[in-house]
Amino acid sequence: MLNALEVITTVVVGVMVGVEFSVAFVMNRIFNALPEDSDQLARAHGGRMLGAVMPFWYIGSLVLAAIWAVAGWHHHGAGLVVTAGGLLIVSVVMSVLLLVPINNRGKTWTPENRPADWKEQMNRWDRYHYVRVAVIIAAFTLLVAALV
């Protein structure tokens, strides 16, 4: 049973990392290259779509890591799982305090109602997101290492 939990947790976190990596290094670059108002419209749509799913994914990943840490407490790699869980907590706190407020504003913007500094706000979101991606990559790496 512990083996199944380890694999499920690692896959769930790994796919989340892939999605967030793609947003940071693929999708946002595509959006930035779009003409006129398309960048802002694409980001608003992405914010609504992923903003509805990612809270469950982040919290679900954290819960799975916590269950793994408790269930495997006396097994090899438990310290790595606990550390990964700590990093996942950091990613959730970062999301709630830094990224979600910007996302909640951005997902309601249209070319007609967006603020003058919308690009600056999106750049700030991107910078925070890069850090968050690094944090969840580190958590994922620790989970993979704990499997060995």
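Note that this is a predicted model, so its numbers are computed, not measured.
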Which value, rounded to the nearest 0.5 Å, describes the distance between Tyr58 atom OH and Leu88 atom CG? 9.0 Å
Please check this pair: side chain of Arg48 against backbone of Lys107, looking for a donor-acceptor N/O pair closer than 3.5 Å. yes
Whether Ser38 side chain and Leu34 backbone form a donor-acceptor pair below 3.5 Å: no
Side-chain ion pair, Arg29 and Asp126, N-O less than 4.0 Å: no
For a quick test of reading the model, state the closest non-hydrogen atom pair linking Phe31 to Arg43 and the distance between them. CD1-CG, 3.9 Å
What's the verdict on side chain to side chain contact (heavy atoms under 4.5 Å, CB included) for Leu62 and Ile89, showing C-alpha distance, side-chain angles and the deciding distance? CA-CA 7 Å; Leu62 176 56; Ile89 290 170; 3.6 Å; yes
Trp109 backbone acceptor or donor facing Gln40 side chain under 3.5 Å: yes
Between His129 and Trp125, what is the ring plane arrangement, given parallel below 30°, perpendicular above 60°, and tilted in between? parallel
Could you tell me whether the side chain of Ser22 and the main chain of Gly18 form a donor-acceptor pair under 3.5 Å? no
Indicate the atoms forming the closest heavy-atom contact of Ala71 with Leu5, along with that distance. CB-CD2, 4.3 Å
Intermediate values then yes/no, salt bridge (Lys or Arg N to Asp or Glu O under 4.0 Å), Lys119 and Asp39: CA-CA 10 Å; Lys119 283 190 179 188; Asp39 174 22; 5.4 Å; no
Nearest 0.5 Å, what's the CZ-CG distance between Arg132 and Leu99? 4.5 Å
When every non-hydrogen atom of Val82 is compared with those of Ala69, the smallest separation belongs to CG2-CB, 3.9 Å
Minimum heavy-atom separation for Val131 to Met94, with atom names? CG1-CE, 3.7 Å
Using side-chain heavy atoms (C-beta onward) and a distance below 4.5 Å, is Val13 in contact with Ile136? no
Roughly how far, to the nearest 0.5 Å, is CG of Leu50 from CH2 of Trp57? 8.5 Å
Counting N and O atoms only, with roles assigned by atom type, does the side chain of Asn104 sit under 3.5 Å from a partner on the main chain of Pro101, one being a donor and the other an acceptor? no
Separation between CG of Leu87 and OG1 of Thr141, rounded to the nearest 0.5 Å: 9.5 Å
Does a side-chain heavy-atom distance below 4.5 Å link Glu6 with Val81? no
Check the orientation of Tyr130 and Phe25. Use parallel for under 30°, tilted for 30 to 60°, and perpendicular for over 60°. parallel
Donor-acceptor under 3.5 Å (Asn32 side chain, Asn28 main chain): yes
Ser95 OG to Ile59 CD1 distance, which is reported to the nearest 0.5 Å: 8.5 Å
